[in-house]
Amino acid sequence: MPTPTPAPADPRRWKALFFICLAQLMVVLDVTVMNIALPSVQSDLGFSDGSRQWVITAYSLTFGGLLLLGGRLADLWGHKRTLLTGIIGFAAASALGGAALNTGMLIGARALQGIFGAMLVPAVLSLMSVMFTDTKERAKAFGVFGALSGGGAAIGLMLGGILTQALNWRWTLLINIFFGIAAALGALRTLPAPAADRPRPRLDVPGVLLASLGVTGFVYGLSHASEDGWTSAATLGPIGAGLILLAAFAGWQTRAKSPLLPLRVLADRNRGGAYLAVGLAVIGNFGMYLFLTYYLQTVLRLSPVQTGAGFLPIAAASVFASTQIGPRLAPRLPARALMGPGFLIAAAGLLILTQITPHSSYWAIVLPGMLVTGLGLGTALMPAFSLGTLGARPEDAGIASAMVNTSQQVGGAIGTALLNTLAATSTATYLGAHAGQKTDALVHGYSTALWWAAGILTLAALAATLLITHDPRPRPGTAQPHTPDKTPATHR
C-alpha cells in the first residue's frame with residue numbers, strides 16, 4: 001500500500017504557538033501571582049485567616065476538578081473554540097476579581113478562573129500536539145511550553161511583588177485582561193477553523209460527575225491536612241470520598257460506550273509514565289517554591305519585590321534548559337535519557353537548598369540550588385509534556401492533554417499538604433528540644449521538607465527510567481514508534 005502523504009504543516013503554526021503560549025502563561029502566572037499579594041488582599045478586604053486559604057483553594061478546586069471535563073470539551077467542541085472560550089472567560093473572571101468589593105465576590109471570581117482555566121489549558125496542549133508532528137519542531141515547541149511551566153511560577157512571584165508594591169493587589173488580577181485580549185485576538189487570526197469531519201465523541205455525563213467530584217474531594221481533603229492534621233475528619237472524609245468516587249469512575253470507564261477517559265490513553269506506558277513522573281516532580285517543585293518563599297521573606301527579611309526577584313534565576317535556568325538543552329537532545333536520545341538525569345539534577349539542586357540556615361547567604365546557598373534545580377526541571381519536563389500527548393488519537397488529544405495537567409494539579413495539592421505537614425511536624429519537634437529558638441526551628445522544618453522533596457524527585461527519575469521507552473530515533477527497517485493514528489489535515 002502506498003504511504004499516505006502527510007498533511008502540509010500550517011505556515012502560521014509558530015505565530016499561533018506564541019499566542020496559545022501567552023494564554024498558557026496567563027494561567028501559570030495566576031498560580032503564584034496572588035501568593036505574594038495575599039497579605040495586602042486580606043488587609044484591604046478584611047477577611048479572617050480562616051477565609052484566606054479559600055482565595056487560593058477556590059481556584060485550585062475548580063481547576064483541578066474540571067480538567068478532565070475541559071479536555072473532553074476540547075475534543076467535543078473543537079480545540080480552537082474551547083481555547084477562545086477559556087481565554088475570554090478567564091480574563092472576564094479576572095476582571096471580576098480585580099473589582100471585588102468583598103471576600104465572597106473575590107472567592108467566586110477565583111472559582112470562575114479555575115473553571116475557565118480548566119477549559120483553556122487542555123486546549124493549549126491539544127493544539128500543540130496536532131500542530132507540531134515533526135520530531136525536531138515538536139521538541140522546540142514543547143521546549144517553550146516546558147519553559148513556561150518550569151519558570152512561570154517564579155515569574156508570577158516577581159510580577160505579583162511588583163504589581164502589589166507599585167500599584168495594588170487588584171492589578172495581579174486585572175493584568176490578565178491585557179494578556180487575554182492579546183491571546184484571544186492572536187489565536188483567532190492564526191488558528192484555523194476546526195475540520196468539518198473531525199471526530200465528535202459523546203460526553204460521558206456520569207464519568208464527568210464521578211471524575212470531577214472525585215478529584216475535587218481528594219484535593220479538598222489534602223488542602224485541610226496541613227492545618228487540621230492527617231487524622232482529622234476534615235481531611236480523611238473528603239479524601240476517602242474522593243478516592244471512592246475515583247474508583248467508581250475507573251470502573252465506569254470500562255463499561256461506558258463513550259468514556260470520558262478512555263483506558264487506551266492511560267494504557268500506553270509512555271503516556272502513563274509521563275503522567276506519573278510529572279505528578280511526582282510537581283510535588284517536589286511546589287515544596288521548593290512554598291518553603292523558599294517563606295524563608296526569603298520571614299527569615300532573610302526580603303521585601304515582596306526582592307523575593308520575586310530572588311526566584312528569577314530558577315526561571316532563567318528552566319527557560320534555558322527547556323529551549324536550548326532539551327530541544328537539541330530530544331530528537332537524538334530516548335526520552336528517559338533526558339527525564340531520568342534531569343529529575344536527578346533537580347533533586348541535587350534541592351539537596352543544596354537543604355543546607356539553608358537562619359544566617360545563610362542567598363548567593364552562597366539559595367542561588368546555586370535554584371540554578372541547578374531549574375536546569376534539571378527544564379531538561380526533564382520538556383519531553384515529559386510532549387509524551388503526555390504523543391501518539392494519542394485525534395479524538396483523544398484533549399483528554400490526553402487534560403491528564404498532563406491533572407497530574408500537575410493533584411501533584412501540587414499533595415505536595416502542598418504533605419510537605420507542609422512534614423515541615424510543621426519537624427518545626428514542632430525542634431522547638432520541643434530547643435525552646436525559644438523559633439527561627440532556627442522554622443528553618444529546620446523547611447530543610448526537612450526540602451529533603452523529602454529531593455527524595456520525591458528521585459522517585460520521578462526512577463519512574464521515568466523504568467516506565468518510559470519512547471525513542472525518537474528512527475530504526476532502519478521499522479516504523480517510527482509512537483506515531484499518532486491519524487494526523488488531521490486541519491487543526492481542531
Side-chain angles (χ1 to χ4, degrees), residues 64-77 79 82 118-119 121-123 125-126 128-130 198-219 241-280 282 335-336 339 383-411 414 460 463-464 466-470 479 481-488 492:
L66 296 175
L67 271 169
L68 292 181
L69 173 60
R72 194 42 113 191
L73 287 178
D75 293 328
L76 183 65
W77 292 350
H79 302 147
T82 307
M119 298 173 62
V121 174
L125 267 177
S126 302
M128 290 177 61
S129 70
V130 296
R198 62 183 175 83
R200 294 176 180 268
R202 296 174 59 189
L203 187 61
D204 174 18
V205 176
V208 167
L209 294 174
L210 289 170
S212 299
L213 292 175
V215 173
T216 300
F218 185 71
V219 173
L243 291 175
I244 291 171
L245 288 170
L246 289 174
F249 168 73
W252 170 251
Q253 296 307 282
T254 63
R255 302 191 303 274
K257 292 183 179 179
S258 182
L260 174 67
L261 178 59
L263 295 183
R264 60 179 175 266
V265 174
L266 297 177
D268 182 281
R269 65 182 296 168
N270 291 292
R271 283 196 295 270
Y275 300 150
L276 177 59
V278 168
L280 290 170
V282 169
R336 62 185 176 188
M339 293 174 64
F385 288 136
S386 178
L387 283 180
T389 57
L390 186 63
R393 297 181 182 182
E395 64 269 26
D396 293 336
I399 199 66
S401 304
M403 274 303 301
V404 178
N405 294 284
T406 300
S407 64
Q408 287 182 277
Q409 188 66 19
V410 173
I414 294 173
L466 295 179
L467 295 177
I468 293 173
T469 60
H470 174 67
H482 229 70
T483 301
D485 298 336
K486 292 180 181 179
T487 303
R492 290 181 288 164

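Along the sequence shown, residues are numbered consecutively beginning with 1.
The CZ atom of Arg269 lies 8.5 Å from the CG atom of Leu466; values are rounded to the nearest 0.5 Å. Between the CG atom in Leu67 and the CD1 atom in Ile399 there is a gap of 9.0 Å [rounded to 0.5 Å]. The CG atom of Leu203 sits 8.5 Å away from atom CZ of Arg72, with the distance rounded to the nearest 0.5 Å. Between the CG atom of Asp268 and the NE2 atom of His470 there is a distance of 10.0 Å, given to the nearest 0.5 Å. Rounded to the nearest 0.5 Å, atoms CG (Leu260) and CG (Asp75) are 9.5 Å apart.
Thr469 places a side-chain heavy atom less than 4.5 Å from the side chain of Asn270. Using a 4.5 Å heavy-atom threshold, the side chains of Leu210 and Gln253 count as separate. Between Tyr275 and Leu266 the shortest side-chain heavy-atom distance falls below 4.5 Å. Looking at Val282 and Ser407, their side chains never come closer than 4.5 Å, going by heavy atoms from C-beta outward. At a threshold of 4.5 Å between non-hydrogen side-chain atoms, the residues Phe249 and Leu261 count as touching.
Residue Gly214 comes nearest to Leu245 through the heavy atom pair CA-CB, 3.7 Å, listed as atom of the first residue, atom of the second, then distance. Here the shortest heavy-atom pairing between Ala460 and Ala277 reads CB-O, 3.7 Å. For the residue pair Ala211 and Leu246, the shortest heavy atom distance occurs at O-CD2, 4.1 Å. Taking every heavy atom of both residues into account, Pro122 and Gly71 meet most closely at CB-CA, 3.7 Å. Shortest non-hydrogen contact noted between Arg255 and Gly251 is NH1-O, 3.3 Å.
Across Ile468, Leu387, Val265, a single residue satisfies side chain to side chain contact (heavy atoms under 4.5 Å, CB included) together with Arg271, and that is Val265.
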Query raised in the report: Should Met119 and Leu69 be marked as a side-chain contact (heavy atoms from CB on, under 4.5 Å) after you check the CA-CA gap, both sets of side-chain angles, and the distance that decides it?
Result: CA-CA 8 Å; Met119 298 173 62; Leu69 173 60; over 6 Å; no
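The side chain to side chain donor-acceptor pair (under 3.5 Å) analysis of residues 206-218, with sequence neighbours excluded, yields no pairs. Among residues at least two apart or in separate chains, there is no salt bridge (charged side-chain N to carboxylate O under 4.0 Å, His left out) pair with a member in residues 397-411.
No donor-acceptor pair closer than 3.5 Å links the side chain of Thr82 to the backbone N or O of His79.
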